[in-house]
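Residue numbers start from 1 in every chain, and the chains themselves are labelled A, B, ... in the order their sequence lines are given, proteins ahead of strands. Quantities reported herein were computed from a predicted structural model and do not represent experimental measurements.
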Amino acid sequence: MDSRASVFDVEAAAERLRGKPGALLGLLEEIQDSDPARYLSEENLKRAAAALAVPPSQVWSVATFYGFFNLQPQGRRTITVCRGTACHTRGSLGLLKDAASLLGCEGYDPNSEGAFTTADREYTIRTVACFGQCALAPVVMIDDEIYSRMTPGRLVAVLSGAKKRGAKKAAHVPRRRYEGEAAPSVEGARR
Amino acid sequence: MSDTITLSVDGRPVAVSPGSTILEACAASGVKVPTLCHLSEVCSNASCGICVVEVEGARGLVRSCAQQAREGMKVTTASARVLESRRTVVELLLASHPEDCLSCLRLGSCELNQVAEQVGVRKRAYPPVRAPRKLDAISAAIVRDNDKCILCGRCVEVCSEVQGVSAIDYAGRGLGSRVATFGDRSLADSVCVSCGQCTVVCPTGALTERDETDEVLALLRDPDKVVIVETAPAIRASLGEALGMDPGALVTGRMAAALRRLGFARVFDTQFAADLTIMEEGNELLARIAGKAKGKLPMLTSCSPGWISFVETFYPELLPHVSSCKSPQQMFGAVAKSWWAEKEGIDPEKLVVVSIMPCTAKKAEAKRPEMRDAWLWWKGKGRAAEPFQDVDYALSTRELARMIRRVGLDFARLPEESFDDPLGASTGAATIFAATGGVMEAAVRTAYELVTGEALPGIELKAVRGFQGLKSATLALAGKELTVGVAHTLKNARAVLDGIAAGTSPYTFVEIMTCPGGCVGGGGQPVLPDWDKRLARAEAIYHEDRKLHFRKSHENPAVAALYKDFLGEPLGHLSHELLHTEYKRKEVR
């Protein structure tokens, strides 16, 4: 069931970008952002190739190289767990496993670099090599909101809240502050 | 400004022309630096890291294939550090490479194997890290085993830069890096035209022809079958090379002897069908010029099946320009399984036609569903039978060499034998089909005489010989100026097609060959070609032409007999049934 509200005009976007450096990257980004399932369908990749007169194999090369290009339809909500060194030492693998089991991602391999989407396309779970917020490890992103110093308990609370509220955005769940600690500025910041 | 620069390689001075790489300077000084990705004329993307040398003053080791030699440079090619580094790089490449060398098609011609030996690999130093990949063995022509791929990038380069096809590119990153088609599909479901140029540049067994030697050997041992063979013009100039002789060794007679000893019931020659092609195509051209045939001008040749796939895939709107003549391979099959089988009283269902081709695309061509006109012909005579193809198996030069080795023939010591009659008779015009420009020259030798009633002065059309990408010649024919063109490699073909599409093409007739140098540089030929080897093969072909008594297709007595006995006249009814075909737009999903 893929009800597209509007079909993105690949050719018009290509016309606008043609000749500019990184035209292909820009076009793929625009296509993905405009897609209701936030991914690059093969059909759209072919249209991009034709519109920019680039061989389809080269478009495939670019689309498979960059981790932020999705080649599968994405869940309505995306949980991204940082697997950088700092986050890892502070338990991000456990967070990833907890999130996967809580959201019903059966068959997901937490050691794989790939993304996993639940069968009902409600959630996509994925990892990132590093958010660059190592001082606030471990870091988890839910949709566009970044949660720092995540704990298993808080993750469960956030995700359960998100699940209950369905379409609504997860409410910010405050965490226990360390003594003398300033409120982190990243919390809830837009990506 | 000096026209040479001098540098020192291992303490010895060497002079090279400016712009030379360090690798070339080392070669000039007698040092063969090992490489796996570099291939002169094809690619130098410095991906493998094996060609490293030390350069005084440079911070790290330098990749000699990518760095230019400079005046006064001091290069050390075999320091302890260099030798250790090269070995480590090869050991890392081997970490994820399968250990099944003994059952690999490239055993004996594998560059990875040779380089591993050269750099002194003596153990499996690292455990495998890459997940196994899926074997792509769906294409009729090419088998792709990405487990054996070392990501050198030669295939990617040759597919885009030489052929302009770009069926494959790098995909993914890190350990997931791979050479892939769009959507990671099989080559069979991509824009691949089966030209096989990737199979001749691949340093390992990652890209090979689909080997069908077992199937053919089994048929040769089947008492219920009559297995006959046709050999393409180019094979006589490359089979020797595939069996260890020098490039350009001309082995026509020994090849016939070997095929007979392999058990083929008749040893025929695709050159017979090449002469037949000239009769049909030459007349088709004259009919198109006179406005008496459908099909547009400029007319484009149709002998090269990679090119046919290319135009069907990328320029379907220009298909009316392509000659309706089947390729010689397919004309041969159709005639052998109809006229010859009937004449000999051989049950066409028991007749097996094997072709030896310098080509991988010929495998795909033989399997095209419409290529069973002999079956239709028999059906028209009331003989209901299971459908059969006109040509059953198309084997590459490499596969024939493999079969000859398998049965233990000492090729160099075989006697010189001849082809069998009648389908083994041919002319020099057919021989030169093997080199770029040859079909054009053969066509002109005949057409000129058909139109003017006089022989082409000097018989040889030198303007269309040689390895220039696009060649042309202007002929005065019956008071008309006629410009003909010749292109080899699909990138050059693209230029011709773009000219036609734009309405600026000056040509009346264009020969197009898929591979560099024409069939002598085909995708089924001995691996790792360069222009010197292709030139040696082409020279052997022109030498053979000069030796022959008949050098014009219309002089072939067996072809004349075929028309008299059976076909009637060129472009006649039977010709259309058996020797001509139609093309269609190829959709790639």
Side-chain angles (χ1 to χ4, degrees), chain A residues 2 10 14 22-25 27-29 31-32 35 37 39-73 80 82-85 88 107-116 126-130, chain B residues 45 47 129-131 133 136 142 144 146 149 151 153 155-193 195 198 207 310 313-316 490-491 494 497-498 501 586-589:
Chain A
D2 197 13
V10 174
L24 177 57
L25 271 181
L27 181 59
L28 294 183
E29 253 189 293
I31 294 172
Q32 177 162 306
D35 191 282
Y39 86 115
L40 299 168
S41 65
E42 286 197 355
E43 186 198 331
N44 276 338
L45 288 173
K46 279 190 181 170
R47 286 171 66 197
L52 289 177
V54 170
S57 62
Q58 196 185 321
V59 174
W60 184 250
S61 180
V62 170
T64 55
F65 183 83
Y66 293 99
F68 273 105
F69 285 136
N70 305 318
L71 298 168
Q72 298 297 330
T80 310
C82 181
R83 296 289 290 122
T85 312
H88 177 74
Y108 174 63
D109 173 11
N111 292 311
S112 79
E113 281 181 31
F116 187 94
R126 62 192 312 146
T127 61
V128 69
C130 183
Chain B
N45 55 15
S47 64
V129 287
R130 224 164 59 175
R133 271 87 193 264
D136 174 13
I142 295 167
R144 206 158 56 104
N146 265 351
C149 175
L151 295 171
C155 55
V156 171
E157 200 78 5
V158 84
C159 194
S160 69
E161 297 309 307
V162 176
Q163 297 297 45
V165 169
S166 296
I168 47 176
D169 203 337
Y170 291 106
R173 64 172 189 279
L175 283 176
S177 298
R178 61 201 179 271
V179 170
T181 61
F182 176 80
D184 278 286
R185 300 196 175 108
S186 163
L187 282 177
D189 295 323
S190 75
V191 294
C192 171
V193 300
C195 75
C198 56
L207 283 156
F310 180 81
T313 305
F314 296 100
Y315 293 84
L490 295 174
K491 194 154 205 180
R494 211 178 255 282
L497 292 170
D498 287 338
K586 189 179 163 196
E587 300 284 357
V588 175
R589 73 176 174 93

**Prompt:** What do you reckon, is CD of Glu157(B) surrounded by more than 12 foreign heavy atoms closer than 6.0 Å?
**Reply:**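 Atom CD in Glu157(B) is crowded, with more than 12 foreign heavy atoms closer than 6.0 Å.
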
Show me the donor-acceptor pairs within less than 3.5 Å that the side chains of residues 183-191 of chain B make with the rest of the protein, sequence neighbours left out.
from	atom 1	to	atom 2	distance (Å)
Asp184(B)	OD1	Arg178(B)	NE	2.8
Asp184(B)	OD2	Trp60(A)	NE1	2.9
Asp184(B)	OD2	Arg178(B)	NE	3.4
Asp184(B)	OD2	Arg178(B)	NH2	2.8
Arg185(B)	NH1	Arg589(B)	O	3.0
Arg185(B)	NH2	Glu42(A)	OE1	2.1
Ser186(B)	OG	Asp136(B)	OD1	2.7
Ser186(B)	OG	Ala188(B)	N	2.9
Asp189(B)	OD2	Arg589(B)	NH2	3.4
Ser190(B)	OG	Leu187(B)	O	2.8
Ser190(B)	OG	Cys192(B)	N	3.0

**Item:** Any residue meeting ring pair (Phe, Tyr, Trp, His ring centres under 6.0 Å) with Tyr315(B), in chain and number order, not counting sequence neighbours
**Value:**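 If we apply the ring pair (Phe, Tyr, Trp, His ring centres under 6.0 Å) test to Tyr315(B), skipping adjacent residues, there are no hits.
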
**Item:** Neighbourhood of chain B inside residues 47-57 of chain A, taking heavy atoms under 4.5 Å as contact
**Value:**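 Hits under 4.5 Å: Pro55(A), Pro56(A), Ser57(A).
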
Review item, side-chain donor-acceptor pairs of residues 165-175 of chain B, under 3.5 Å, at least two apart:
from	atom 1	to	atom 2	distance (Å)
Tyr170(B)	OH	Gly153(B)	N	3.4
Arg173(B)	NH1	Phe65(A)	O	2.4

